[in-house]
Amino acid sequence: MSRHPSSWRRGVSLLLACATLLLLGTASTASAHPLSTSAVLLDVGTTSVSATVELPLDELSVARDQVLTASTVIEASTLAELCTYVQGHLSASDASGRTWSTVVTNGRVEPVDGVDNLVLDATLTPASGPVGDFVLHDDVIVDQLLSHRVFVSGRYGSTGSYTTLAMLSWQTQSVPVASATPASTSAAPADEGFVAAVRLGIHHIATGSDHLLFLIMLLLPAPLVAAGRRWQARPDTGLGGAARSGVRVVHVVTAFAVGHSCTLVLGALGWVALPSRLVESGIALSVLVSAVHAVRPLVRRGEVLIAGGFGLLHGVAFAAILGGLDLSRTSLVTTLLGFNLGIELTQLLVVALVMPSLLLLSRTPAYPAVRIGVATLGAVLAAGWLAQRAGLVGVNPLEPVAPLVVDHPVALAVGLAVCALALTGLQRVRATRPTPRRSLPRWAAPERERLTTDTCR
Amino acid sequence: MTPLLVTPALRRSFAASLAVAALISVSACSSDTTTSSSPSASSSASSSQRTGGGPPGGKGAPGGAMQTFTAVDLDTDGANASNANTSDVVTATNAFLATLDDATKAKVVYAFTDNASRQTWSNYPSAQVPRKGVALSTLSDTSKAAALAVVKTMLSAQGYAQVQTIQQADDWLKANSTSGNSSFGSDVDYFIAVYGTPSTTDPFMVQFGGHHLARNYTYKGTTASITPDFTGTEPKTFTVGNTTVEPLKEKAGTLFAAFDSLSADQDAQAKLSAKVDDILMGPSVDSGKFPTTEGVAVSSLSADQKKLVLAAIAAWVNDAAPGQAASMLKTYESQLDQTRIAYASSKTVDGEDTYLRIDGPRVWIELVNTRSQSTPNVHYHGVWRDKTDDYGSTNPSA
């Protein structure tokens, strides 16, 4: 393979194009026999139970003997009829057999796995007193379409994942539901939706060593400038250079944020879905590409392109995490915002911890060695992940290494800062004593020096 | 390293399962549950409690489990058909097992008491619902021939031809499916498993099936149980070379003939008020509970119409080896006057929700037009069950 810069550039462009195509061109995997099922998502509270009722329009049409489309189903008269219908077929009763009140409101159409669903909010309230154990009865659609299935799940507090409670069918149309679980009652007050989502975002990126490594690989060359196929120290030292490096970092972080936010939203809405193996492999590839870029610039301003392009792929993975929450649709926007905020905060924290050290280090003769060393480590880890995720190897021999990075972030950041300060100090001391430059090993030659030698070649 | 997550897609596909009875029984009793699963996507009712975060790069795995199988209690006292060719099946099965190395044999043979595995059959392709035993594609030519010889022995010539045409449909899908499922195919999508030790005295079972096919034959001495028996096909008709193949031509043809014969008055009695768009007694619906009997009484039909109903039943029963098929058919014929036939929505061949049913004291047959993403047209799902003999058990119960 030619090492000419333009072919590198073409390679990266091709890679990014492929990733984008994969994202745009693939719908969720088709199954041979899709069956549209209803879902009832219960939020068990202390004074009432809220339920999100999802009714696939195709099945609802058969059951109601009328063609219901995304536009006709929300016409006022139709919707009123359907609310009344659901109200009459969804109920709860307590131990004494008393039926609670059911109120159904807020009809809207949302896609679930590519099928338009009529989504309704129902509130089930005991006749008197707090919510105790109850039995949920539901034969919406099933009363007319016997082969229909209703998936019932519940949770306590307003966030967290839903637990499957039952699959209702022609055989069974009711399921007992406990009023609360001991664990959830204590955890619930602290776990408000938005905060929990922020926490999940922080947790995810802070413990996802592949996301962290991707970011670090992109930050490595940020204090430098590309000249042809080499990295060089900025010719502009001092605050101006630092500011320009800072701008570069902002571009990288923003590009990543924009990229993953796009696909996070699309994925959370169910519009984009990719096989997880493909996504996981792509993320490993993104780390590898960014590591290579840190060694040698692949393309001008490549870190912004890489951050944006592969950010799309990381977003798909984030969406899968959100999917794990099994969101009720009403909280989707809040959760998305919170989750994304958590991711960005953590990203900025990493930048704040690492970037000053990198800036300092970049002015020492050791930076090329540090940069190439860290990038090589990243590339090796990424290659290991890629091989494992693509199924080339069963067990990744490097697997235990990555958690070392994640488990001790502060120690690593402090270590990096200490190194940076020590090397900077050392350089100052040397600067006061004349040192013959040629005695330095070639790899440690200051990058600023290369700028001058490069022009001679 | 990937944590289990229930994404909306997974939830939905899980919801698509026919696991109602199974799920209910999870909470009702402590039976074993096995889930059709792949390492990345195993899911059960409880796995949705798992949440995100965790190991490096841990994200969800969409897709996966379409069905959950929960063992129900099965006895061996089913009202089996007599005159079974058990000794021939024992010979053929032993000959097949003798061609296998120990590792393969261990994958083929299960304990007869492994009820959850015995109940593992489906209308789905094996990619969606992994089957027990081994795929034909994993066997040597010798072993594969011996496996098919077992199937041939269990079945009549008509029954074996039915297996072949259903497999041909899967080959057709492999070449033509719009959903691009490369896991279709007569070799990769069909599996054989043996439960217990083949014996002319003690109970054992041979299970052969895959996409749109389930043969669950349970032998006990000289008697045999032939149900649950699933046959379906997608598409309904296709051509191989210059030949038109219609896998369910006989079963659907005889059944439609019976319903077409109904007078307006009989028709009104036969029509169900509810609609049905897939079989009700499908895979993992093994609670022993059948829908309430409805429809027009066969006793009220003319002699010619009764013949048509019997012919429709025979189209299913005669897939089995002749001795036990004749015995079973005689039983069903004797109960014809207590049998009813019913349909839902429509009884036209290509009707959107055409659903036909024969419901007797023992016999239960359903045929339905259903939809998929693989082809644009409706296709058949059909099941034959015996209310007092499924899995050779008098009364499977959750």
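Quick note: numbers below take in every heavy atom, side chains included, and nothing from hydrogens, waters or symmetry partners. First the proteins, then the strands, lettered A, B, ... as listed; each starts at 1. Keep in mind that what you see is a predicted model, and the values were worked out from it rather than measured.
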At a 4.5 Å cut-off on heavy atoms, which part of Tyr355(B) comes close to chain A: side chain, backbone, both, or neither?
neither
Separation between OG (Ser147(A)) and CD1 (Ile279(B)), nearest 0.5 Å, reads 10.0 Å
Are the side chains of Asp277(B) and His148(A) in contact, using a 4.5 Å heavy-atom criterion?
no
Spacing of Asp278(B) atom CG and Leu145(A) atom CG [to the nearest 0.5 Å]:
10.0 Å
For the student: nearest non-hydrogen atoms of Lys289(B) and Gln171(A), plus distance
NZ-O, 2.6 Å
Which atoms of Ala63(A) come close to chain B, meaning under 4.5 Å heavy atom to heavy atom: side chain ones, backbone ones, both, or neither?
backbone
Distance (rounded to the nearest 0.5 Å) between Lys275(B) NZ and Asp65(A) CG:
4.0 Å
Can you tell me how far the CG atom of Asp143(A) sits from the OG atom of Ser273(B), to the nearest 0.5 Å?
9.5 Å
Do Trp170(A) and Val285(B) have side chains that get closer than 4.5 Å, going by heavy atoms?
yes
